[in-house]
2 protein chains.
Amino acid sequence: MKNNNINNLLKSNGFSVTKPRVQIIKILQNSNSPIGIDAIINKTDGKIAISSAYRIIADLLDADLINAFQSPENKLLVELIQNNTKHHHHLYCQSCKKVLDIDIDEKLEKNIDSLIRKISKQNNIEITNHSFELFGKCNDKSHE
Amino acid sequence: MKNNNINNLLKSNGFSVTKPRVQIIKILQNSNSPIGIDAIINKTDGKIAISSAYRIIADLLDADLINAFQSPENKLLVELIQNNTKHHHHLYCQSCKKVLDIDIDEKLEKNIDSLIRKISKQNNIEITNHSFELFGKCNDKSHE
DNA sequence: ATAATATTGAGAATGATTCTCAATATTATT
DNA sequence: AATAATATTGAGAATCATTCTCAATATTAT
Ligand SMILES: [Mn+2]
Ligand SMILES: [Mn+2]
Ligand SMILES: [Zn+2]
Ligand SMILES: [Zn+2]
């Protein structure tokens, strides 16, 4: 049943249904935080070529089905955009490398939006997107 | 006279005074926005080896004399921390690749700080720093 | 089933950054 | 100022993530 959803998702976005694409989407659906290419491949019984993984991720990104961004270690991280996914930001733990979704309250997001409009006018630049990311160290002692 | 300042800056931070280090600091002093390794090297009559430039930048970063971060194209950008430099953020133009410093008003920065404290408590993570970056496209038609 | 088309996997290529180490420059000592 | 001890540099090799190429394979259309 989940497979049908995935098939439809692929078809309705102009993709043919292939095993690597279905596998990657499944993995992203089951991940509760952004995940790297290596981790994706590790969850596929090592069956997907790394080049294919990158290609598929790039295609999903073009179709606006995923968010992608670089980790502080300069690795690509991706997360599936689900129907309940909304604009949010991330907190990176620099010791254990976990990434947490963070929501910021509406008031702050509105303040940010109005700041953006102001800066856009001041500099005569159309601002297309923004990032707001937090970096920290959790108390997981296993990394010291 | 500026040279003496640079010599002192280097010495007081435990660096010996060498031509490549002096040159790079001069270049950073004269740059009004963050600058990449290639641009730095181009301004030195091509005399500094790329490996040396990276090494020197890494050392200056360790000594907290510069800020460094990655551009959207994943290139290292650096800016000198001068005595009037304070916490600020950046706006990247994705067509002409310019980087602009942006200041955000105190009220917003305070809101961000209190958000950070809240998230830090909620997740039991010490948050060490944050980034807030804007991405846009200016009206420079020469890049289309 | 066959043909036409699209996707995949393997490895080569690329580009930024880091590493290695012998040659050179700087600093400390006489 | 010369010499010795130490630190830095430059050149290129190595690394690592990502992209590219293209023949083999899978998917879709007929
Ligand atoms: Mn997220
Ligand atoms: Mn700046
Ligand atoms: Zn952690
Ligand atoms: Zn621009």
Side-chain angles (χ1 to χ4, degrees), chain A residues 3-4 6-27 34-63 65-66 68-78 92 97 99, chain B residues 3-4 6-27 34-63 65-66 68-78 92 97 99:
Chain A
N3 256 318
N4 261 321
I6 294 176
N7 291 1
N8 289 338
L9 183 70
L10 286 172
K11 284 179 185 161
S12 64
N13 283 90
F15 294 109
S16 58
V17 175
T18 68
K19 245 172 267 171
R21 297 210 263 236
V22 171
Q23 275 188 92
I24 286 180
I25 289 178
K26 258 186 200 161
I27 289 162
I35 186 175
I37 292 283
D38 287 358
I40 291 174
I41 289 173
N42 285 339
K43 302 203 181 201
T44 62
D45 325 325
K47 293 223 180 70
I48 298 181
I50 190 167
S51 54
S52 302
Y54 274 107
R55 191 176 348 89
I56 290 169
I57 290 298
D59 292 343
L60 296 177
L61 192 61
D62 282 345
L65 296 177
I66 60 175
F69 40 87
Q70 298 291 120
S71 78
E73 291 80 26
N74 285 321
K75 290 182 200 159
L76 187 68
L77 296 179
V78 299
Y92 300 86
K97 315 299 180 203
V99 187
Chain B
N3 256 318
N4 262 321
I6 294 176
N7 291 1
N8 290 338
L9 182 69
L10 286 172
K11 284 178 185 162
S12 64
N13 283 91
F15 294 111
S16 57
V17 175
T18 66
K19 245 171 267 172
R21 295 209 264 235
V22 172
Q23 276 189 91
I24 286 179
I25 289 177
K26 258 186 199 161
I27 290 162
I35 185 175
I37 292 282
D38 287 358
I40 291 174
I41 289 172
N42 285 341
K43 301 203 182 201
T44 62
D45 324 326
K47 291 221 182 68
I48 297 181
I50 189 168
S51 54
S52 302
Y54 274 107
R55 192 178 345 91
I56 290 169
I57 291 297
D59 292 343
L60 296 177
L61 191 62
D62 282 346
L65 296 176
I66 60 175
F69 39 87
Q70 299 290 123
S71 78
E73 291 79 28
N74 285 322
K75 289 181 201 160
L76 187 67
L77 296 179
V78 299
Y92 300 85
K97 314 300 180 203
V99 186

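Letters A, B, ... mirror the listed sequences (proteins, then strands); counts begin at 1.
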Take atom [atom1] of [X] and atom [atom2] of [N], then tell me their distance rounded to the nearest Å.
X	N	atom1	atom2	result
B:K47	D:dA11	NZ	P	12 Å
A:R21	C:dA6	CZ	P	11 Å
B:Q23	D:dT8	CD	P	17 Å
A:I57	C:dT7	CD1	P	15 Å
B:I48	D:dT8	CD1	P	15 Å
A:I25	C:dT7	CD1	C1'	14 Å
B:I56	C:dT17	CD1	P	16 Å

>> Using a 4.0 Å heavy-atom cut-off to protein, can you give one letter per nucleotide of nucleotides 15-30 of chain D, 5' to 3': B if the base is in contact, S if only the sugar-phosphate is, - if neither?
In response: --SBBB------SS--

>> Within the 4.5 Å heavy-atom criterion, are B:K47 and B:I41 side-chain neighbours or not?
In response: no

>> Applying ring-ring contact (aromatic ring centres under 6.0 Å, His included), can you list everything that pairs with B:F69, at least two apart in sequence or on another chain?
In response: B:H90

> Over its full length, what angle do the end axes of the helix from C:dA1-D:dT30 to C:dT30-D:dA1 make, each axis taken from five pairs and the result rounded to 10 degrees?
Replying inline: 30°

Taking only distance into account, with no hydrogens and no angle test, what donor-acceptor pairs under 3.5 Å do side-chain atoms of residues 12-25 of chain A form with protein atoms, sequence neighbours excluded?
residue	atom	partner	partner atom	Å
A:S12	OG	A:N8	O	2.8
A:S12	OG	A:L9	O	3.2
A:S16	OG	A:R21	NH2	2.8
A:T18	OG1	A:R21	N	3.4
A:R21	NE	A:S16	O	3.2
A:R21	NH2	A:S16	O	3.3

> side chain to side chain contact (heavy atoms under 4.5 Å, CB included) between A:K97 and A:E73: does it pass, once the steps are laid out?
Replying inline: CA-CA 9 Å; A:K97 315 299 180 203; A:E73 291 80 26; 3.2 Å; yes

>> Once side-chain contact (heavy atoms from CB on, under 4.5 Å) is applied, do any residues pair with A:A49, and if so which ones, sequence neighbours excluded?
In response: A:S51, A:S52

> What pairs with A:A68 under side-chain contact (heavy atoms from CB on, under 4.5 Å), at least two apart in sequence or on another chain?
Replying inline: A:L61, A:L76, A:V78

> Do you know the tightest heavy-atom contact between A:L77 and A:P34?
Replying inline: CB-CB, 4.1 Å

> How far apart are the closest heavy atoms of B:Y92 and B:P72, and which atoms are they?
Replying inline: CD2-CD, 3.4 Å

